[in-house]
Enquirer: 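Dropping the structure in here first, questions after.
All values derive from a computational prediction rather than experimental measurement. Lettering of chains follows the sequences in order, A, B, ..., and the numbering in each one begins at 1.
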There are 4 protein chains.
Amino acid sequence: MARPKSEARRQTIIDSAIKLIAREGLGAATAAIAKDAGVPNGSLFTYFPTKVELFNALYTEIKEELISTVDDGLSNAGDEREQLLHVWARWTRWGAANGEKRRVLAQLSMSEDVLESTKMAGFAAAHRSVNLIRQVARHGALRGQDSAFVGAVVESLANTTMDFMSRNPKHAEEVCMSTFEFLWKALR
Amino acid sequence: MARPKSEARRQTIIDSAIKLIAREGLGAATAAIAKDAGVPNGSLFTYFPTKVELFNALYTEIKEELISTVDDGLSNAGDEREQLLHVWARWTRWGAANGEKRRVLAQLSMSEDVLESTKMAGFAAAHRSVNLIRQVARHGALRGQDSAFVGAVVESLANTTMDFMSRNPKHAEEVCMSTFEFLWKALR
Amino acid sequence: MARPKSEARRQTIIDSAIKLIAREGLGAATAAIAKDAGVPNGSLFTYFPTKVELFNALYTEIKEELISTVDDGLSNAGDEREQLLHVWARWTRWGAANGEKRRVLAQLSMSEDVLESTKMAGFAAAHRSVNLIRQVARHGALRGQDSAFVGAVVESLANTTMDFMSRNPKHAEEVCMSTFEFLWKALR
Amino acid sequence: MARPKSEARRQTIIDSAIKLIAREGLGAATAAIAKDAGVPNGSLFTYFPTKVELFNALYTEIKEELISTVDDGLSNAGDEREQLLHVWARWTRWGAANGEKRRVLAQLSMSEDVLESTKMAGFAAAHRSVNLIRQVARHGALRGQDSAFVGAVVESLANTTMDFMSRNPKHAEEVCMSTFEFLWKALR
DNA sequence: GATGAATGAGGATTCATTCAT
DNA sequence: TATGAATGAATCCTCATTCAT
């Protein structure tokens with residue numbers, strides 16, 4: 001009974017938060033986000049009791065979108081190389097096409113307001129790619145390193161790649177592929 | 001009347017800014033920085049008329065320190081591999097040993113408050129390493145890519161490496177060397 | 001349709017209100033009270049259309065409990081002294097044992113949100129004690145004073161006494177009795 | 001150097017705080033206090049970094065005024081009775097004439113925001129009256145009780161008395177004197 | 001009737017920068 | 001020049017009450 005929380009409303013707030021945080025950083029005012037979302041400022045706090053909780057929800061939401069994009073179709077890919085290429089291409093293309101989300105995710109990843117537990121949950125959800133990367137790297141230069149480190153190396157490379165892809169849409173595919181070769185050579 | 005009185009004072013402010021920004025992010029209050037530096041809040045603005053100017057000075061200062069650390073002795077290194085190793089080891093060891101500066105530099109690099117011109121000056125000052133990297137990469141997977149991109153790839157790798165080195169001091173050297181092999185294989 | 005469904009529910013709300021107001025003052029949020037009571041926040045307003053009405057109900061409820069505690073057995077007490085002792089002992093012991101209620105009553109008594117009419121009704125309900133006190137005081141130092149004033153004097157003494165009794169449970173009885181002697185000497 | 005804090009300004013803020021808190025309780029808005037004082041809201045926090053610190057300053061200020069009023073001329077009073085009368089009359093007349101301050105002090109005394117240390121300092125400053133009261137009470141009904149308790153008893157009596165005096169200015173003196181007799185009889 | 005989401009006017013506090021001293 | 005008080009818009013969040021379901 002009573003009015004249920006509106007999923008649509010929640011999503012509008014998330015969307016506006018992404019837009020404004022991409023533009024103004026984590027300092028973006030909750031009131032501005034609410035206004036952009038077309039909801040009264042108090043209502044933002046009905047959905048996210050705290051700015052920090054909004055940050056965490058944002059992190060989870062974006063990370064999940066990314067992971068499901070990357071994972072989608074992964075099981076149909078062929079050998080290790082094909083699989084890594086699948087992950088890499090989907091990852092970087094998503095990032096190139098979703099600049100705001102990518103930038104927001106980058107900010108949130110560096111923020112102390114996103115709880116360690118939230119970050120770890122994101123890491124855990126990415127297990128398919130993480131495992132793949134670990135497997136690929138098992139004989140290469142990074143063999144024996146903590147898989148979190150290997151993952152972080154790949155992630156930082158991905159971020160740099162996405163960044164250049166969106167700045168340079170014409171050469172995006174080429175950058176994507178070159179960097180994949182770079183990665184492949186180094187990792188194995 | 002030359003520069004405002006004390007160079008020492010300027011440096012104290014810079015140091016406190018690094019300390020507080022590392023701890024609290026770019027939102028650290030100018031008054032808090034001044035207080036930590038033992039300087040009246042108004043005086044901070046004698047040295048840096050604006051918080052943004054403080055940011056830019058900070059960026060330049062840290063970047064210069066990093067570059068001079070990396071460049072120091074570079075001309076004595078042997079072949080390309082030795083030279084790159086020199087750069088890599090000095091870079092990452094500096095970062096591992098100077099966590100606050102590294103973190104502040106990372107924040108500033110993402111901030112819109114640090115002017116494009118400031119960032120470009122930093123890039124230009126790093127020309128020796130940049131050239132070296134470009135040269136090493138001239139036949140590898142990233143051949144033909146914008147040298148800013150190649151530089152960014154190496155930089156992101158360095159950042160990730162430094163991060164793990166300082167979190168894991170006992171394995172710092174091992175991480176440093178493995179990652180160098182990773183880089184070397186990939187780049188050539 | 002008679003009174004809203006559940007008397008029990010009303011009482012739960014009252015109890016939670018006492019608990020939270022004792023702890024946080026009259027600023028305690030209605031939502032917090034409802035939550036503590038295990039009642040949806042909207043429902044609180046079914047029972048008490050306004051926070052002010054909740055305050056008034058609280059005042060009346062606590063005052064009634066106090067008065068009935070004090071009046072109970074009063075008719076069996078002997079002479080004036082015995083009767084006053086009966087009143088005094090029951091009053092202060094109740095207060096010592098019901099710290100939260102006492103503190104809430106004190107807050108409400110000072111609040112402008114409790115209507116004058118509510119306060120007067122409480123005063124009227126206490127007529128047995130009030131009359132007794134007036135009677136005892138008819139020859140003493142306060143003879144001729146407004147009986148509301150005499151009552152207020154005794155009440156303030158009682159409040160101070162209860163306060164010390166609950167802070168100092170071991171000497172509670174002693175404090176109770178000494179203060180009675182104090183009162184008795186002064187009043188007659 | 002620089003602009004010194006203005007004692008006058010501080011006092012204006014204190015005065016406005018007394019006025020508004022007397023009228024609206026401790027919930028009076030800092031912004032309203034600042035506005036009433038004719039200072040920008042931010043300036044209030046230059047003088048009192050926190051609302052709680054304002055409360056503590058208020059408590060101390062009012063208590064000091066009261067104590068110095070009461071103590072003034074006390075050493076010229078004659079025997080114990082005269083001295084107690086001096087204290088009593090000055091105390092209650094001050095309260096009757098300074099309704100706002102008295103009400104504010106009463107609110108602050110009950111507030112958890114006024115630190116125990118602040119309250120204790122106030123108690124300590126009142127040592128002359130406290131000692132006098134203890135001395136007077138040394139043989140009476142309250143002999144052997146904690147002097148804080150004896151003091152509290154007298155204080156509560158004083159508060160009730162002042163309250164009636166200001167409500168009933170025509171009988172103020174009579175109430176004052178009757179209550180003194182009450183106190184004298186009870187205490188000795 | 002019961003529920004709990006919706007509302008938006010406050011509320012305390014912060015802060016970069018200015019300017020009187 | 002050095003100082004630190006002054007400023008007021010901006011910030012996150014709260015809350016009594018209403019009203020859709």
Enquirer: Check the distance between F:dT3's P and B:I13's CD1 and give it to me in whole angstrom.
Expert: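 B:I13 atom CD1 is separated from F:dT3 atom P by 10 Å.
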Enquirer: Taking only N and O in the side chain of C:S43, is any of them less than 4.0 Å away from OP1 or OP2 of E:dT3?
Expert: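 C:S43 to E:dT3 OP1/OP2: side-chain N or O found under 4.0 Å.
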Enquirer: Without decimals, in angstroms, what is the distance between D:K35 NZ and F:dG8 C1'?
Expert: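 Rounded to whole Å, this separation is 14 Å.
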Enquirer: Over all strands shown, is C:F48 touching base, sugar-phosphate only, or nothing at heavy-atom distances under 4.0 angstrom?
Expert: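 No contact.
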Enquirer: Dot-bracket for DNA chain F, 5' to 3', with Watson-Crick and G-U pairs under 3.5 Å, [ ] for crossing pairs and | for other-strand pairs: what is it?
Expert: .||||||||||||||||||||
Enquirer: Measuring from atom NZ of D:K101 to atom CD of D:E61, what distance do you get when rounded to the nearest 0.5 angstrom?
Expert: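 Between D:K101 NZ and D:E61 CD, I get 8.0 Å after rounding to 0.5 Å.
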Enquirer: Given F:dT1, is OP1 or OP2 found less than 4.0 Å from the side-chain N or O atoms of B:T46?
Expert: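 Negative; the distance criterion is not met.
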Enquirer: Can you list the residues that meet the side-chain hydrogen bond (donor to acceptor under 3.5 Å, both in side chains) rule with B:E100, with sequence neighbours excluded?
Expert: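 B:E100 satisfies side-chain hydrogen bond (donor to acceptor under 3.5 Å, both in side chains) with no other residue.
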Enquirer: Please report the C-alpha distance between C:K19 and C:D36 in whole Å, then the side-chain angles of each, then the deciding distance to 0.1 Å, and finally whether the side-chain contact (heavy atoms from CB on, under 4.5 Å) criterion is met.
Expert: CA-CA 9 Å; C:K19 180 158 100 186; C:D36 183 88; 3.1 Å; yes
Enquirer: For residues B:A57 and B:F48, report the shortest heavy-atom separation together with the two atoms involved.
Expert: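 The pair with the smallest heavy-atom distance is CB-CE2, 3.6 Å.
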Enquirer: Starting at atom CD1 of D:I33, determine the distance to atom C1' of E:dG10, rounded to an integer number of angstrom.
Expert: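 It works out to 15 Å between those atoms.
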Enquirer: Report the residues that fulfil side chain to side chain contact (heavy atoms under 4.5 Å, CB included) with C:T12, sequence neighbours left out, ordered by chain and then residue number.
Expert: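 Checked C:T12 against side chain to side chain contact (heavy atoms under 4.5 Å, CB included); matches are C:A37.
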Enquirer: Sugar-phosphate atoms are those with a prime plus P, OP1 and OP2; base atoms are the rest. Using that split, label each nucleotide of nucleotides 13-19 of chain E B, S or - for protein heavy atoms under 4.0 Å, 5' to 3'.
Expert: BBSBBB-
Enquirer: For A:R102, give me all partners under salt bridge (charged side-chain N to carboxylate O under 4.0 Å, His left out), at least two apart in sequence or on another chain.
Expert: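 Once residues adjacent in sequence are excluded, the partners of A:R102 under the salt bridge (charged side-chain N to carboxylate O under 4.0 Å, His left out) criterion are A:D163.
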Enquirer: Name all pairs fulfilling the side-chain hydrogen bond (donor to acceptor under 3.5 Å, both in side chains) condition that reach into residues 111-123 of chain B, sequence neighbours left out, sorted by first residue then second.
Expert: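 Qualifying pairs, neighbours excluded: B:N56-B:T118.
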Enquirer: Measure from CD1 on D:I21 to P on E:dA12 and round the result to the nearest Å.
Expert: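 About 10 Å, once rounded to whole Å.
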Enquirer: Between C:P40 and A:R9, which has a closest nucleotide on DNA chain E that is more 5'?
Expert: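 Nearest-nucleotide comparison on DNA chain E picks C:P40.
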Enquirer: Evaluate salt bridge (charged side-chain N to carboxylate O under 4.0 Å, His left out) for A:E53 paired with A:R10, printing each intermediate quantity in order.
Expert: CA-CA 13 Å; A:E53 295 194 43; A:R10 197 191 114 98; over 6 Å; no
Enquirer: Separation of B:L44 atom CG from F:dT1 atom P, in whole Å?
Expert: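 Interatomic distance, CG of B:L44 to P of F:dT1: 17 Å.
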Enquirer: Between A:Y47 and E:dA5, does any side-chain N or O lie under 4.0 Å from OP1 or OP2?
Expert: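 Answer no for this pair, as no side-chain N or O of A:Y47 is under 4.0 Å from OP1 or OP2.
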Enquirer: Using the rule given for side-chain contact (heavy atoms from CB on, under 4.5 Å), can you reason through D:L105 versus D:L58, listing the C-alpha separation, both sets of side-chain angles and the distance that settles it, and then say yes or no?
Expert: CA-CA 8 Å; D:L105 191 58; D:L58 233 32; over 6 Å; no
Enquirer: Rounded off to whole Å, could you give me the CG-to-C1' distance for the A:D113 and F:dT11 pair?
Expert: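 Taking CG of A:D113 and C1' of F:dT11, I get 14 Å after rounding.
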